[in-house]
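What follows is a set of notes on a single structure, which appears directly below.
Atom set for the values below is all heavy atoms of this structure, side chains included, hydrogens, waters and symmetry mates excluded. Order of the sequence lines fixes the chain letters, A, B, ..., with proteins taken first and strands second; residue numbering starts at 1 for each chain.
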There are 2 protein chains.
Amino acid sequence: MERVTMADVAREAGVSKSTVSQYLNKRYEYMGEKTKQKIEEAIEALGYQPNFLARSLKQKRTSLIGIIVANITHYFSTEVSRAIEDFFHQYDLQAIVCNADDDPEKEKKYIEMLRAKQVDGLIIFPTGKNNDLYESMVKQGYPVVFVDRKVENLDVYSVITDNSESTYQAIQHFIKKGHRNIAFVVQPLTVSTRMERLHGYKKAVKEAGIELNPNFIIEANIPEMKEKLESLFSSEEKPTAIFAANDRVFIALGEFLKEKGMKFGEDLEIVVFDNIPFSQLLETPITFIIQPASEMGRKAAELLYKQINKENSDPEVFVFPSKII
Amino acid sequence: MERVTMADVAREAGVSKSTVSQYLNKRYEYMGEKTKQKIEEAIEALGYQPNFLARSLKQKRTSLIGIIVANITHYFSTEVSRAIEDFFHQYDLQAIVCNADDDPEKEKKYIEMLRAKQVDGLIIFPTGKNNDLYESMVKQGYPVVFVDRKVENLDVYSVITDNSESTYQAIQHFIKKGHRNIAFVVQPLTVSTRMERLHGYKKAVKEAGIELNPNFIIEANIPEMKEKLESLFSSEEKPTAIFAANDRVFIALGEFLKEKGMKFGEDLEIVVFDNIPFSQLLETPITFIIQPASEMGRKAAELLYKQINKENSDPEVFVFPSKII
DNA sequence: TTGTATGCGTTATCAA
DNA sequence: TTGATAACGCATACAA
């Protein structure tokens, strides 16, 4: 599998490397018709394919961008990634997607790896635990955009949704329907999205004059969630409605209810903060808070693209409202 | 954002570039403690980060592999991709995922682009329409593995499932339950998977002595599918069971039935050839033919990895049985 | 134990 | 209109 290089083409065509390079970069202006022809033939004959690596080294651009998602099993992440890829495709930039698994160490490793590979920019769903690293990138003027979660004390481009407000409205809606025992189920409150959603919940409950029952706030890792739900449902005051803070919580909840022989909608009203695929196939009336994933991805991509092309403006935070359906 | 290079580190530490290179590649054996120290300090002080690009150019390895999926909205593809990424992660190889959108032109473009970027190998869900290109890669000894679909007349590593057999069994099951009007809904029969599934269907029907009703075979693109279903259900002989050849067909079918006020399981029995996420949340009894996506992905990754490391054996086709649940 | 020289496959500068 | 030549940042054989 010896590769054919520009030098081989040059030799075959009887011209110099630089001429071939000119040709490849379509700088035909000063090029003789016959040389053009000869080079074309040589390329054809040898099956030459340019080496982007060498070009990148020279040009200091790889046409690669990196996406570091916090959790790839989260459907929202894949939707956003897809939108980002679509956007960059039109400019012939490819994306490398890495999964940090909500682990700050992994995140750090990926950031360093991608930068070592000279990707032109980075879109990150931050764990929020590597602020020094984030800061150093921003200071160096390296193109970077944060998605989904806020980074504290750092002036960066961010694309997020109105977690608190959407949750607030959804809970308010439940309260209007007469619910007073509303549980809030969430994974550990380590990232801004979860905290903001809880904030919205608390606000709605308080405003309605309902006393906040701490037992109704279930904070647990997915594997422990069923256990906690178990004890919630075996206590005296049972919830009549549940807020699932994201899709993975929803799945755990769904499995739990199935085991218990309970049904969404009938025994328990549910709102899920997340889009899930195939939701239209579910027959039970579940409320979803949908984040505009595609729009958010596109926006993030656009912001990154501008930075890559040095169209600099001041970092801004873009908040996209979610829809309750 | 001027990058710090090895030369800078060497100058700062008062040694030569090669010594720094040695250090970075952990060839400490003959290195003096004090030099080591000095280099360490210099790297720290300058915030040096190695440039993989230059290294790759030299070593002719990028530690990047490419995955070209036929359709990224197909859940199976994402599962396989994830398994591939997981596998390569342990060897510090990253994957670039590209979406060919079932378009042979796009596929060709991506193959060329990824090879120009010098990725170490390729895993492809082939459209099946670029056989010349596939062949040239194989002939050149370029590491490549095909997944999901067979490539005709080409001796290559492939990882597929037993489409025909699984379908045959599923249809047989329906027949045993008394169904005789079983429809088969599929996207255009352009790829091996769909044709094989149809083959399994026909075989089961024929063996049972049921006359093959061509009206029960619906072949259409997703956008036209509802229309075709419409005419199927307005004809005299209506199906009592339906085979959906993949998840996208299933969605179209689901939407159609919802519009018509019909329900899975009750009005119509359904089997879907594909895993879908959240399937455990569906309450109706739908039969799924599940492909072992993770295992298939891992196998494909393993086969590619071996090729990359020149552990050559003869190309083989690995068939993974699907499970009917 | 460390340094020098050379090359990887391009592009860019300048001269011819 | 084309060609020499020097980078790009690193790795490696060989010399010291």
Side-chain angles (χ1 to χ4, degrees), chain A residues 1-40 42-43 46-64 112-113 115-120, chain B residues 1-43 46-64 112-120:
Chain A
M1 203 185 67
E2 329 82 46
R3 291 197 59 82
V4 179
T5 78
M6 236 172 58
D8 299 322
V9 176
R11 197 176 327 107
E12 175 85 8
V15 297
S16 82
K17 280 197 302 177
S18 5
T19 310
V20 178
S21 176
Q22 307 263 43
Y23 171 85
L24 290 172
N25 291 291
K26 311 208 188 295
R27 307 222 21 97
Y28 298 135
E29 299 151 37
Y30 303 110
M31 198 170 300
E33 254 318 311
K34 58 261 138 98
T35 9
K36 223 160 108 177
Q37 203 94 37
K38 277 191 297 182
I39 294 174
E40 235 155 56
I43 288 176
L46 298 171
Y48 167 74
Q49 286 187 305
N51 183 332
F52 260 71
L53 221 57
R55 161 182 295 185
S56 296
L57 178 60
K58 190 70 186 166
Q59 298 189 153
K60 305 184 178 221
R61 286 197 59 163
T62 53
S63 302
L64 243 33
E112 286 170 352
M113 186 275 292
R115 293 206 54 188
K117 290 216 164 120
Q118 314 299 112
V119 300
D120 294 341
Chain B
M1 203 185 68
E2 329 81 46
R3 289 199 60 84
V4 179
T5 80
M6 235 171 60
D8 299 320
V9 176
R11 196 176 327 107
E12 175 85 8
V15 297
S16 83
K17 282 198 302 179
S18 27
T19 310
V20 178
S21 177
Q22 306 263 41
Y23 171 86
L24 290 172
N25 291 292
K26 311 210 188 295
R27 310 225 15 102
Y28 299 136
E29 299 149 37
Y30 303 110
M31 197 170 301
E33 254 319 310
K34 52 274 125 101
T35 6
K36 223 159 110 178
Q37 203 96 35
K38 276 191 298 184
I39 295 175
E40 235 156 58
E41 283 167 18
I43 287 178
L46 298 171
Y48 168 73
Q49 286 187 307
N51 183 331
F52 258 73
L53 222 58
R55 162 180 295 182
S56 297
L57 179 59
K58 186 71 186 167
Q59 298 188 154
K60 303 181 176 227
R61 288 197 57 163
T62 53
S63 301
L64 245 31
E112 285 170 352
M113 187 274 294
L114 288 170
R115 291 206 55 189
K117 290 218 164 117
Q118 313 298 114
V119 299
D120 294 340

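Here the closest heavy-atom approach between residue A:Y23 and residue A:I39 is recorded as CD2-CG2, 3.7 Å. When all heavy atoms of B:A13 and B:K38 are compared, the closest pair comes out as O-CD, 3.6 Å. What you find for A:R61 and A:D120 is that their closest heavy atoms are CA-OD1, 3.6 Å.
Under 4.0 angstrom from either OP1 or OP2 of C:dT2 there lies at least one side-chain N or O belonging to B:T35. For A:T19 and D:dG3, the shortest distance from a side-chain N or O to OP1 or OP2 is below 4.0 Å. Distances shown here put a side-chain N or O of B:Y48 below 4.0 Å from the OP1 or OP2 atom of D:dC10. In this structure, A:K17 does not reach the D:dT5 phosphate: none of its side-chain N or O atoms is under 4.0 Å from OP1 or OP2. A:S21 has a side-chain polar atom (N or O) that falls below the 4.0 Å cut-off from OP1 or OP2 of C:dT11. Residue A:N51 places no side-chain N or O under 4.0 Å from the OP1 or OP2 atom of C:dC8.
For the residue pair A:S16 and A:T19, a side-chain donor N or O sits within less than 3.5 Å of a side-chain acceptor on the partner.
Panel note: side chain A:S56, backbone A:F52; a donor-acceptor pair is recorded below 3.5 Å.
Taking the side chain of A:L57 as heavy atoms from C-beta on, and the options C:dT4, D:dG3, C:dG9, the nearest nucleotide is C:dG9.
For B:M6 and D:dG9, the CE to C1' distance is 7 Å, given to the nearest whole Å. Rounded to a whole Å, the OH atom of B:Y23 is 16 Å from the P atom of C:dG3. Separating the CD atom of A:Q22 from the P atom of C:dT13 is a distance of 11 Å, rounded to the nearest angstrom. Here C:dT11 presents its P atom at 12 Å from CG of A:L53, a figure rounded to the nearest Å. For B:K38 and C:dT2, the NZ to C1' distance is 10 Å, given to the nearest whole Å. Spacing between atom CG of B:L24 and atom C1' of D:dT12 amounts to 14 Å, rounded to whole angstrom units. Regarding A:R11, its CZ atom lies at a distance of 13 Å from the P atom of D:dA4, rounded to whole Å. We find that CG of B:N25 is positioned 13 Å from C1' of D:dG9, with the value rounded to whole Å.
At a cut-off of 3.5 angstrom, counting only N and O atoms as typed in the model, there is a donor on one side and an acceptor on the other between the side-chain of A:K58 and the base of D:dA7. Not a single donor-acceptor contact under 3.5 angstrom links the side-chain atoms of B:S18 to the base of D:dA11.
Across the interface with DNA chain C, nearest-nucleotide mapping of B:K34 and A:A54 shows B:K34 to be the residue nearer the 5′ end.
Counting any heavy atom pair closer than 4.0 Å across all strands shown, B:V20 reaches no nucleic acid atom.
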